[in-house]
Q: 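Take this structure, written in structure tokens, and hold onto it; I'll ask about it next.
Only this structure's heavy atoms are used, side chains among them; waters, hydrogens and symmetry mates stay out.
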Amino acid sequence: MKKHTPLLLHVLLWVALLVFNLFYSNFRYNSLPITWKLVDLAQTFLFHLALFYFNWFVLVPKILAKDKVVLYALTVILTLAAFAALRTPLELYEWKRIAAHDPKIAAQIRKSPAITRFSTIMVQLAIMGIMNVFLSSALKVTGDYLRNERRRKELEHQQTTTELELLKAQVNPHFLFNTLNNIYSLAYQNAPSTPDAILKLSLLLRYQLYETDTPLVPLEKEIEHLEHLLDLHRLRLPNPELLTLDVKGTVSKVLLPPMLLMPLVENMFKHGLTTAPMHICLHTEDGQLTFATHNTSKRTPNQDAFGGIGLQNLRRRLELLYPNAYTLDTQLQNQQFDVKLVLNTLS
């Protein structure tokens with residue numbers, strides 16, 4: 001439908017012009033034969049049609065669109081002069097025919113002979129031509145602007161979608177790299193929990209491969225995935241009970257971009273002491289999601305405890321997915337590191 005809309009607008013414009021000229025001609029020259037009126041209507045219509053589309057297809061795209069404003073103005077003036085000069089003799093001929101047929105119009109011409117002067121008719125036609133060119137230019141420029149804006153937005157959306165896919169794709173290798181390191185550590189120690197770790201990894205990979213290919217996933221699935229990840233990490237912790245997850249609020253109808261919370265959890269494992277408590281809290285209320293992590297940092301206060309590829313990707317994804325609708329705060333005090341993510345709009 002959108003592809004046919006411009007054509008429909010053009011048809012409506014010219015139909016309206018034809019109807020207006022038909023009623024005007026019939027009102028002003030009601031004593032003239034219908035054939036005369038049709039001839040006058042045809043030549044008027046063809047004049048405006050030619051001028052309109054000459055400006056539409058030639059002058060605007062080839063001159064005005066290239067920022068040659070002065071040249072465009074001069075070309076329009078010359079074009080109007082040429083069209084008016086071509087049509088004026090036809091108008092004079094029509095006036096003579098009408099005067100010969102209608103005594104009232106003949107008397108009007110004798111009373112005001114200026115109305116049939118060549119210069120007067122040219123000025124009138126030039127004024128009508130200026131209105132025609134103005135309408136043609138306005139519609140053409142506006143249409144091109146709206147079309148370019150639509151293309152620009154489509155391109156931006158395509159670029160954003162591509163960037164999000166690339167960022168999401170980087171999450172999987174980053175996560176897999178960290179997890180394989182953990183399993184390697186267990187295997188190196190000949191830990192009996194190594195088979196369980198491999199099983200947990202398979203569950204995590206199954207989710208990432210088969211259930212995260214959509215823009216949004218249920219929050220319940222993300223929490224289940226998060227619990228598998230925590231179980232995997234508990235296998236290598238000397239005190240697994242120190243790693244806790246607390247979920248509050250309703251999560252059954254909440255949707256979230258897949259793997260959005262994963263970088264915060266990985267950051268906690270990467271920089272947190274495995275012998276100290278690590279706590280994760282997820283809370284939903286009134287369309288707002290709060291996700292917070294707390295751990296004791298292995299770094300000193302003058303070092304950056306918040307970085308890496310995963311968190312850089314997270315910040316960029318948040319900017320694209322939740323512009324002006326999220327906050328991400330970090331705080332490091334006395335080796336206690338806290339991260340708090342708040343999403344203000346939930347699907």
Q: Please tell me if the side chains of Ile198 and Ile183 come closer than 4.5 Å, counting only heavy atoms from C-beta onward.
A: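 A side-chain contact exists here, since the closest heavy-atom pair is under 4.5 Å.
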
Q: Looking at Asn324, I want to see if its CG is surrounded by more than 12 non-hydrogen atoms of other residues, nucleotides or ligands under 6.0 Å.
A: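 No.
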
Q: Sub-3.5 Å donor-acceptor pair from the side chain of Thr75 to the main-chain atoms of Leu71, do we have one?
A: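 Indeed, once roles are kept as given, a pair shorter than 3.5 Å links the two residues.
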
Q: Within the structure provided, determine whether Asp231 and Asp196 are in side-chain contact (heavy-atom separation under 4.5 Å).
A: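 No - every pair of side-chain heavy atoms lies 4.5 Å or more apart.
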
Q: For the CG atom of Leu289 and the CG atom of Leu261, what is their distance to the nearest 0.5 Å?
A: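 Separation between the atoms: 6.5 Å.
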
Q: Let's go through Gln335 and Leu273 carefully: what are the C-alpha distance in whole Å and the side-chain angles of both, what is the deciding distance for side-chain contact (heavy atoms from CB on, under 4.5 Å) to 0.1 Å, and is it a yes or a no?
A: CA-CA 10 Å; Gln335 295 298 106; Leu273 287 174; over 6 Å; no

Q: Any non-hydrogen side-chain atom of Leu51 less than 4.5 Å from a side-chain atom of Leu80?
A: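 Yes, side chains in contact.
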
Q: Determine whether Val60 and Val58 fall in the same hydrophobic cluster, where Ile, Leu, Val, Met, Phe, Trp and Tyr are linked whenever their side-chain heavy atoms lie under 4.5 Å apart.
A: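 In one cluster: yes.
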
Q: In plain terms, say whether Asp144 and Lys140 are close enough for a salt bridge, that is, a side-chain N and a carboxylate O under 4.0 Å apart.
A: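 Here Asp144 pairs with Lys140 in a salt bridge, since their nearest N and O are under 4.0 Å apart.
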
Q: Tell me whether the rings of Phe269 and His233 are parallel (<30°), tilted (30 to 60°) or perpendicular (>60°).
A: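 Taking His233 first and then Phe269, their aromatic rings lie parallel (interplane angle under 30°).
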
Q: Step by step, would you call Leu237 with Met278 a side-chain contact (heavy atoms from CB on, under 4.5 Å)?
A: CA-CA 11 Å; Leu237 295 178; Met278 289 184 284; 4.2 Å; yes

Q: To the nearest 0.5 Å, tell me how far Thr290 OG1 sits from Leu343 CG.
A: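 Thr290 OG1 to Leu343 CG: 8.0 Å, rounded to 0.5 Å.
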
Q: Hey, does the side chain of Glu222 reach the backbone of Met259 with a donor-acceptor pair shorter than 3.5 angstrom?
A: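 A pair under 3.5 Å: yes.
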
Q: Looking only at atom types and distance, does a side-chain atom of Thr142 sit under 3.5 Å from a main-chain N or O of Leu139, one as donor and one as acceptor?
A: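 No, the answer is negative, given that no donor and acceptor are paired below the 3.5 Å cut-off.
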
Q: On a heavy-atom basis, which atom in Phe47 and which in Ala84 lie closest, and how many Å separate them?
A: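 Phe47 and Ala84 have their closest heavy atoms at CE1-N, 4.4 Å.
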
Q: Would you say Gln336 and Ser297 are linked by a side-chain donor-acceptor pair, where the criterion is simply a distance under 3.5 Å?
A: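 No, no side-chain donor-acceptor pair sits under 3.5 Å.
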
Q: State the CG-CZ distance between Leu201 and Arg206, to the nearest 0.5 angstrom.
A: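 Rounded to the nearest 0.5 Å, the CG-CZ separation comes to 11.5 Å.
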
Q: Tell me whether Tyr326 shares a hydrophobic cluster with Leu321, the cluster being built from Ile, Leu, Val, Met, Phe, Trp, Tyr side chains joined at under 4.5 Å.
A: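 Yes, one cluster joins them.
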
Q: Go through the steps to decide whether Lys248 and Glu285 satisfy the test side-chain contact (heavy atoms from CB on, under 4.5 Å), and finish with yes or no.
A: CA-CA 9 Å; Lys248 299 178 181 178; Glu285 184 179 11; over 6 Å; no

Q: Is it true that Phe57 and Phe45 fall in one hydrophobic cluster, defined by side-chain heavy atoms closer than 4.5 Å?
A: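 Cluster IDs for Phe57 and Phe45 match.
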
Q: Any non-hydrogen side-chain atom of Leu314 less than 4.5 Å from a side-chain atom of Asn267?
A: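 No, every pair of side-chain atoms sits at 4.5 Å or beyond.
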
Q: Are the side chains of Leu328 and Val339 in touch, meaning some heavy atoms are under 4.5 Å apart?
A: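 Of all side-chain heavy-atom pairs linking Val339 with Leu328, at least one is under 4.5 Å.
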
Q: Could you check whether any side-chain N or O of Ser136 sits under 3.5 Å from a backbone N or O of Val133, counting only pairs where one atom can act as donor and the other as acceptor?
A: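 No; judged by distance alone, with no hydrogens or angles, the pair does not exist.
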
Q: Do Lys340 and Gln331 touch side chain to side chain, with heavy atoms closer than 4.5 Å?
A: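 Counting from C-beta outward, Lys340 and Gln331 never come under 4.5 Å.
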
Q: Looking only at heavy atoms, which two atoms of His294 and Met268 are closest? And how far apart?
A: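 Shortest heavy-atom separation between His294 and Met268 comes out as O-SD, 3.8 Å.
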
Q: Should Leu203 and Leu243 be regarded as members of a common hydrophobic cluster, given that ILVMFWY residues are connected when their side-chain heavy atoms come within less than 4.5 Å of each other, either directly or indirectly?
A: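 Not linked; separate clusters.
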
Q: Using only atom types and a distance under 3.5 Å, with no angle test, would you say the side chain of Thr284 pairs donor to acceptor with the backbone of Thr250?
A: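 Confirmed, Thr284 side chain pairs with Thr250 backbone.
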
Q: As an exercise, state the distance from NZ of Lys153 to CG of Asn148, rounded to the nearest 0.5 Å.
A: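 If I round to the nearest 0.5 Å, the distance is 12.5 Å.
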
Q: Rounded to the nearest 0.5 Å, how far apart are CD of Glu224 and NE2 of His228?
A: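 It comes to 4.5 Å.
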
Q: If I compare all heavy atoms of Arg317 with all of Pro257, which pair ends up nearest, and what's the gap?
A: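 Shortest heavy-atom contact: NH2-CB, 3.8 Å.
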
Q: Crowded around Asp329 CG? As in, over 12 foreign heavy atoms under 6.0 Å?
A: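 Buried by this count: over 12 neighbours within 6.0 Å.
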
Q: Mind checking whether Leu135 and Tyr53 sit in one hydrophobic cluster, side chains of I, L, V, M, F, W, Y counted as touching below 4.5 Å?
A: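 Yes, one cluster joins them.
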
Q: Please give me the minimum heavy-atom distance between Leu242 and Thr275, naming the atom from each residue.
A: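 Heavy-atom minimum between the residues: CD1-O, 3.4 Å.
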
Q: Nearest 0.5 Å please: distance from the NE2 atom of His271 over to the CD atom of Glu266.
A: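 With rounding to 0.5 Å, NE2 (His271) is 10.5 Å from CD (Glu266).
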
Q: Is there a side-chain contact between Glu227 and Ile223 in this structure, where contact means two heavy atoms from C-beta onward sitting under 4.5 Å apart?
A: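 Yes, close enough: below the 4.5 Å cut-off.
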
Q: Which pair of heavy atoms, one from Glu211 and one from Thr214, lies closest together, and at what distance?
A: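 Heavy atoms of Glu211 and Thr214 come nearest at O-OG1, 4.5 Å.
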
Q: Which atom pair, heavy atoms only, marks the closest approach of Ser137 to Tyr72?
A: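 Smallest heavy-atom distance, with atoms named: OG-OH, 2.6 Å.
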
Q: Is any side-chain heavy atom of Leu260 closer than 4.5 Å to a side-chain heavy atom of Tyr322?
A: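 A side-chain contact exists here, since the closest heavy-atom pair is under 4.5 Å.
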
